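No experiment lies behind these values; they were computed from the predicted model shown. The figures that follow rest on heavy atoms only: side chains count, while hydrogens, waters and symmetry mates do not.
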Amino acid sequence: MKEAKTLYSQYYNDVYKLQEQNSELALAVQKLQGILQKAETEREMDDMQRDYDEFKQPDVDGDDRISRAEFAMYVKNYLSNYPGLADKDYPKFEEFDHDGDGYVSFSEYTQQMTAQAKKAENDAKRAAQSGSHAAAQKASQKAQAYQGLAGSGRKTDNFDDLYAQYR
C-alpha cells in the first residue's frame, strides 16, 4: 500500500511538472509568434516604404502622382544611363495609368509592378519549357528583378537595380 501511495505521489508530481512545462512552452510559443508577427509587419512596412520611395523618384512636383511628362522625363534620364536599353524595354505610361486620368497613383504603380512581375514569371516558365537555357536564364533574371520591384522575392531599390539584375 505504501508503495502504491509513493507511485501515485510520484505520478502526480510528474504530471504537475509536465503541465507546468507545457504552460511555459505555450507562453514561449505565444511570445515567439508575437515577435514573428511584429517582424513580418516591419518587413511589410519596409517593403511598402521602399516601393513608395521608388514611386516618388519620377514625382518631380511632389504631388504623390506621376504625370505623363514626369514619367517621360524619368524614362529619358533612365534610358540615357543605360544605352543598351531601348524604349521598348521600359514599360509605357499607359500600362501604369489604369484609370486613364493622365496620372499614375501609388496604387496604380504597385498594381502594375505586380502584374509585370507575374508576366515576367510566366515568360520565364515559357522560356524554360522551350528548352533554350540562355533564354530561360535571362527571362528568370528579369522575373526576379520585377519581383523585387513588386515587393516580393529578391529585393531591388530602384529601376537601376532592376536593370542590373535583368542583364
Inset, instruction - Check the side chains of Q49 and D53 for a donor-acceptor pair under 3.5 angstrom, ignoring hydrogens and angles. - result: yes
When you measure from the side chain of [X] to the backbone N and O of [Y], does any donor-acceptor pair fall under 3.5 Å?
{"X": "Q112", "Y": "Y109", "value": "no"}
{"X": "E108", "Y": "S105", "value": "yes"}
{"X": "E70", "Y": "D59", "value": "no"}

For the residue pair [X] and [Y], what are the closest heavy atoms and their distance?
{"X": "D97", "Y": "Y103", "value": "OD1-O, 2.9 Å"}
{"X": "E54", "Y": "P58", "value": "O-CD, 3.6 Å"}
{"X": "P91", "Y": "F96", "value": "CB-CE1, 3.3 Å"}

Run the salt-bridge test on [X] and [Y] with the 4.0 Å N-O cut-off and return the result as yes or no.
{"X": "K56", "Y": "D64", "value": "yes"}
{"X": "R43", "Y": "E40", "value": "yes"}
{"X": "D123", "Y": "K119", "value": "yes"}

Quick one: pull up [atom1] in [X] and [atom2] in [Y] and give me the separation to the nearest 0.5 Å.
{"X": "E44", "Y": "E42", "atom1": "CD", "atom2": "CD", "answer": "11.0 Å"}
{"X": "D47", "Y": "R50", "atom1": "CG", "atom2": "CZ", "answer": "5.5 Å"}
{"X": "Q129", "Y": "K125", "atom1": "CD", "atom2": "NZ", "answer": "9.0 Å"}
{"X": "S67", "Y": "Y74", "atom1": "OG", "atom2": "OH", "answer": "14.5 Å"}
{"X": "Y52", "Y": "M45", "atom1": "OH", "atom2": "CE", "answer": "12.5 Å"}

Inset, instruction - May I ask you to test the K118-E121 pair for a side-chain heavy-atom distance under 4.5 Å? - result: no
Legend entry - Any V104 side-chain heavy atom under 4.5 Å of R65 side chain: no
Throw together a table of side-chain donor-acceptor distances under 3.5 angstrom for residues 6-13, partners on residues two or more places apart or in other chains.
unit_1, atom_1, unit_2, atom_2, d
T6, OG1, K2, O, 2.9
Q10, NE2, D14, OD1, 2.9
Q10, NE2, D14, OD2, 3.4
N13, ND2, S9, O, 3.4

Inset, instruction - Decide whether M113 and M48 are clustered together by the hydrophobic rule: side chain heavy atoms of Ile, Leu, Val, Met, Phe, Trp, Tyr closer than 4.5 Å, transitively. - result: yes
Legend entry - Parallel, tilted or perpendicular: rings of F55 and F106 (30°, 60°): perpendicular
